[in-house]
Amino acid sequence: MPELPEVETVRRGLESHVVGRTIESVHIGRERSVRRVGREAVIHGLTGAKVMAARRRGKYLLLDLDTGDLVMIHLRMSGRVLVEPIGAPRPPHTHVVCRLSERNGQHHEMWFVDPRTFGEVVVCESDDVSQVLPELDRLGPDPIVDDFSGEVLKDRLNGRRGAIKPLLLNQHVVAGIGNIYADEVLHRVRLRWNRTVDSLSTKTINALATAITEILTEAIERGGSTLEDTQYVDIDGKSGSFQDMHRVYGREGLGCLTCGKTTIRREMVAGRSTSYCPRCQK
DNA sequence: AACTGTCCCTGCAAGC
DNA sequence: TGCTTGCAGGGACAGT
């Protein structure tokens, strides 16, 4: 599933392949992918616009256009952004196609591909961002692009109750962590998913913040995690390799790589599968 | 205000 | 073999 490291990998691809180019034409194959503002607004907003920058906050990709408009792309569960030469066969579920201006004698298309159609593409005027994309204003700090530390995390957890894992998944607390990295972070800090916030010492919260930054950074360096089912790939269609470093996620029934003395257990927590080592994580 | 459960959607794997 | 069922999951939303 695309989480912060996967989205960051896509952002870097956009930076090298799309920033500086003009979108010459747009085709929308499925209305649902542009449901928020509609087909006409996306076509009108993108056509003829030059992409000036590719940014990211949490799992949200943001493209600044020379027209002053902003593009938001969210991959949700199964979205992909691909850049391929004109004429390359489009995969099933290619819902948005942008023809890019020539570079080094080559024309390319940027595709938004999304089998499960939870993802979306939004285009709006910069002045209207808060109105069209109110969730951006509610995001917690991004551990990579914003200042982030144990102090910041403690502040974000202040006033919140309950189990730590759902809070790590809450984008209002910290932006960018999803199910895979929540489980991996908790394992590194040796915390069970159900540990309550009020049971965590300052020292533990500091360690949690450090693990968040470290794991996300390591995952970015490896191009994110590509799982068997959703087949996340980067903008060139290449897989990530951080899945090889997972110590709990997707390892149910396998031996714990940390203690080597028991097997990884999995249970459903708030509708999400949760993997942990019952010996290492207390 | 902040928590929990439900829903959106498709592809795939497991089970009968 | 071919169907049905369950699972994967981010985030908006409704209900508490």
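Proteins get letters first, then strands, A, B, ... in listed order; numbering begins at 1 in each. Source: prediction; values computed, not measured. Atoms considered below: every heavy atom in the structure, side chains included; atoms not considered: hydrogens, waters and symmetry mates.
- Applying the 4.0 Å criterion to OP1 and OP2 of dG11(C), one finds that His74(A) has a side-chain N or O inside that range.
- The two atoms that bring Arg103(A) and Ser16(A) nearest to each other are NH1-O, 3.0 Å, heavy atoms only.
- In this structure, Ser273(A) does not reach the dC7(C) phosphate: none of its side-chain N or O atoms is under 4.0 Å from OP1 or OP2.
- Straight-line distance from the CG atom of Leu139(A) to the C1' atom of dG11(C): 11 Å, rounded to whole Å.
- Distances shorter than 4.0 Å separate some side-chain N or O of His93(A) from OP1 or OP2 on dG11(B).
- With sequence neighbours excluded, the residues forming a side-chain contact (heavy atoms from CB on, under 4.5 Å) with His246(A) are Ile180(A), Glu184(A), Ser225(A), Leu227(A), Phe242(A), Gln243(A), Tyr249(A), listed by chain and number.
- Distance Met77(A) CE to dG11(C) C1': 11 Å, rounded to the nearest Å.
- We find that OH of Tyr249(A) is positioned 14 Å from P of dC7(C), with the value rounded to whole Å.
- OP1 and OP2 of dT10(B) both lie 4.0 Å or more from every side-chain N or O belonging to Arg76(A).
- Of the possible donor and acceptor atoms, none in the side chain of Arg21(A) sits under 3.5 Å from a partner among the backbone N and O of Glu102(A).
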Between the protein and nucleotides 2-6 of chain B, are there any N/O to N/O pairs under 3.5 Å, and if so, what are the atom names and distances?
from   : atom 1 : to        : atom 2 : distance (Å)
dC3(B) : OP1    : Arg161(A) : N      : 2.8
dC3(B) : OP1    : Arg161(A) : O      : 3.2
dC3(B) : OP2    : Arg160(A) : NH1    : 2.8

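- Counting heavy atoms of neighbouring residues, nucleotides and ligands inside a 6.0 Å radius, atom CZ of Arg190(A) does not exceed 12 of them.
- Between Asn179(A) atom CG and dG10(C) atom C1' there is a gap of 10 Å when expressed in whole angstrom units.
- Here Arg30(A) lies in heavy-atom contact (under 4.0 Å) with sugar-phosphate atoms only.
- For the 3.5 Å distance criterion, the side chains of Ser275(A) and Arg266(A) fail to qualify, holding no donor opposite an acceptor.
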